[in-house]
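Keep in mind that this is a model prediction, so the values were computed, not measured. Atoms considered below: every heavy atom in the structure, side chains included; atoms not considered: hydrogens, waters and symmetry mates.
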Amino acid sequence: MIPKSPITALTGERLPGIGHNQGPPLDTGHSWRKHVWTRARKQLLPRLPLEVIRRRVARAKELGLEYPAYASILLGTGRDIVGFLFTCDALGLRLEKSIDLPAPVAAKLSEVKARHLLAADQPADLNHVARHLAIEHHLAIAGTTALPDPATAPWTAGRAAIRAALDPLKLPSDTIVMVGTRAHERDWADAARLAKFLPAESYFPGHR
């Protein structure tokens, strides 16, 4: 049985009580459809051929994920991950001071076989940042988006910002994992129906 990842409290977040779905309301029937799909996927797990398991383990490594985390995403969506949406803070970018990646982050991203998308949680020239990452770190940024101020913007604005990065590339939302640092980013990822939201410290061990 694949273990579920524990819920991690992010900056400014108070963990929800029992029965809270940790996100804005979804359309009618969505929860039931997700339950039925997840149940059906679980029934298939014991029958997976060993070669399929091996391929999935290899794919998890290509994505920089632990196998249980990758398997849980497959279980929930039935689709492979094709890209990551990173916030600048998740990458350790301090745009007011520097746009250089910390060495451990740059090393990991260089090995990840998926599209990289960048979300700026502070004012910045994202085209300039993307060019710098391409030249200095050989990191191709497929798309960018500016995130709104959570203090004044509704959750729909956060969802729209995420879609602004995905839609031009025609990327299905349930094939994208968002890596961030704050509670409202998790809410936005849920609202945009991304495959998963991962706290930066779980994807980049030692993240500060």
Side-chain angles (χ1 to χ4, degrees), residues 5 7-13 16 20-27 30-31 33-34 63-65 69-70 72-74 76-93 95 99 101 105 109 112-130 133-134 139-204 207:
S5 301
I7 298 175
T8 304
L10 302 171
T11 304
E13 180 179 34
H20 193 284
N21 66 4
Q22 304 171 49
L26 302 176
D27 64 285
H30 176 79
S31 296
R33 292 195 300 273
K34 183 175 181 180
L63 294 168
L65 293 170
Y70 176 61
S72 70
I73 293 173
L74 291 181
T77 68
R79 307 183 72 167
D80 192 23
I81 298 168
V82 301
F84 289 89
L85 175 62
F86 299 100
T87 65
C88 290
D89 194 50
L91 294 180
L93 291 173
L95 299 184
I99 55 177
L101 292 173
V105 172
L109 293 183
V112 174
K113 296 182 179 179
R115 292 193 177 192
H116 301 84
L117 300 103
L118 182 65
D121 43 14
Q122 49 192 298
D125 181 345
L126 292 181
N127 290 329
H128 173 65
V129 174
L133 295 179
L139 182 66
I141 301 298
T144 62
T145 188
L147 297 176
D149 182 351
T152 58
W155 63 264
T156 51
R159 179 182 63 184
I162 291 175
R163 293 301 327 168
L166 273 55
D167 289 347
L169 301 172
K170 298 182 180 179
L171 294 174
S173 58
D174 59 358
T175 65
I176 303 298
V177 171
M178 184 174 184
V179 181
T181 59
R182 297 179 174 87
H184 60 264
E185 293 164 357
R186 185 199 297 274
D187 293 338
W188 292 345
D190 288 343
R193 296 187 180 172
L194 301 187
K196 188 81 171 178
F197 176 89
L198 293 175
E201 61 268 23
S202 70
Y203 192 74
F204 299 110
H207 179 276

Do Y203 and V105 have side chains that approach each other closer than 4.5 Å (heavy atoms only, starting at C-beta)? no
Which pair of heavy atoms, one from A146 and one from L126, lies closest together, and at what distance? N-CD1, 4.1 Å
For F86 and H116 the tightest heavy-atom approach is CE1-CD2, 3.7 Å
Can a donor-acceptor pair be found, under 3.5 Å and without considering hydrogens, that links the side chain of T145 to the backbone of I162? no
Closest heavy-atom pair, C88 versus A120, reported as atoms and distance to 0.1 Å, is SG-CA, 3.8 Å
Side chain to side chain contact (heavy atoms under 4.5 Å, CB included) for L109 and F204? Distances and angles first, verdict last. CA-CA 10 Å; L109 293 183; F204 299 110; 3.9 Å; yes
Check: R182 and T87 side chains under 4.5 Å, non-hydrogen atoms: no
Measure across P154 and W188 and return the closest heavy-atom pair with its distance rounded to 0.1 Å. O-NE1, 4.5 Å
In Å and rounded to the nearest 0.5 Å, what is the CZ to OG1 distance from F84 to T175? 10.5 Å
Gap separating the CG atom of L65 from the NZ atom of K196, nearest 0.5 angstrom: 10.0 Å
Nearest 0.5 Å, what's the CG-CG distance between L93 and L101? 5.0 Å
Would you mind reporting whether D187 and W155 have side-chain heavy atoms less than 4.5 Å apart? no
Considering only heavy atoms from C-beta outward, does the side chain of I141 approach that of V129 to under 4.5 Å? no
Evaluate F197 against L85 for side chain to side chain contact (heavy atoms under 4.5 Å, CB included), listing each step before the verdict. CA-CA 9 Å; F197 176 89; L85 175 62; over 6 Å; no
Closer than 3.5 angstrom, by distance alone: can the side chain of S173 be matched with the main-chain N or O of R193 as a donor-acceptor pair? yes
The criterion is side-chain contact (heavy atoms from CB on, under 4.5 Å); which residues satisfy it with A142, sequence neighbours excluded? R115, L169
Any idea which heavy atoms bring L63 and A114 closest together, and the distance? CD2-CB, 3.7 Å
Only one of I73, T77, L194 clears side chain to side chain contact (heavy atoms under 4.5 Å, CB included) with D174; which? T77
Where do G180 and E185 come nearest, in terms of heavy atoms and distance? CA-OE1, 3.3 Å
Once rounded to the nearest 0.5 Å, what's the spacing between atom CZ of R163 and atom CD1 of I176? 9.0 Å
